[in-house]
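Following: one structure in structure tokens, then a few remarks.
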Amino acid sequence: MATTVPTLTEGATTIRPIRLRDSRALERELLENRGWLRKWEATNPHGPMSFDVRASIRSLQHNARAGLGLPFVIEYNGELAGQLNVS
């Protein structure tokens, strides 16, 4: 049986399941904050800088369906502000 993942809202902050249509906004955030984020990513910090956000979201959603994790985005005042993965 599938479990519905809730959307949580407190004031101007919302945490909700990631959607494929978040890819453009998420990619923009990743690129704009690349210098700071790169050292925290679970990838080689000296590796190539290219990434496929849509494929990443599809993979996260696949893992969620398999019960391996829950991928979320964080919105502030309706704008994407970050990503949160619980696994």
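Please read these numbers as outputs of a predicted model, since none were measured by experiment. If you read the sequence from its start, that first residue is 1, and numbering goes on from there.
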Exercise. Is R24 atom CZ crowded by more than 12 heavy atoms from other residues, nucleotides or ligands, each under 6.0 Å away?
Worked result: no
Problem set entry | Common cluster, V73/L31, ILVMFWY with side-chain heavy-atom separation under 4.5 Å | yes
For this session: Indicate yes or no: at least one non-hydrogen side-chain atom of L26 is less than 4.5 angstrom from one of I18.
Result: yes
For this session: Please check if atom CD in E32 has more than 12 non-hydrogen atoms from other residues, nucleotides or ligands closer than 6.0 Å.
Result: yes
Problem set entry | For P6 against P17, the heavy-atom pair lying closest together | O-CD, 4.0 Å
Exercise. From D22 CG over to R54 CZ, what is the distance, rounded to the nearest 0.5 angstrom?
Worked result: 10.5 Å
Problem set entry | Distance, nearest 0.5 Å, that separates CG of L68 from NE2 of H62 | 7.5 Å
Seminar exercise, completed: To the nearest 0.5 Å, atom CD of Q61 lies from atom CG of L70 at 12.0 Å
Exercise. Between S56 and L60, is any pair of side-chain heavy atoms under 4.5 Å apart?
Worked result: yes
Problem set entry | Shortest non-hydrogen contact from F72 toward N85 | N-OD1, 4.3 Å
Problem set entry | Inter-residue atom distance R16.CZ - L8.CG, 0.5 Å rounding | 12.0 Å
Seminar exercise, completed: Correct closest heavy-atom pair for E29 and L80 would be CG-CD2, 3.6 Å
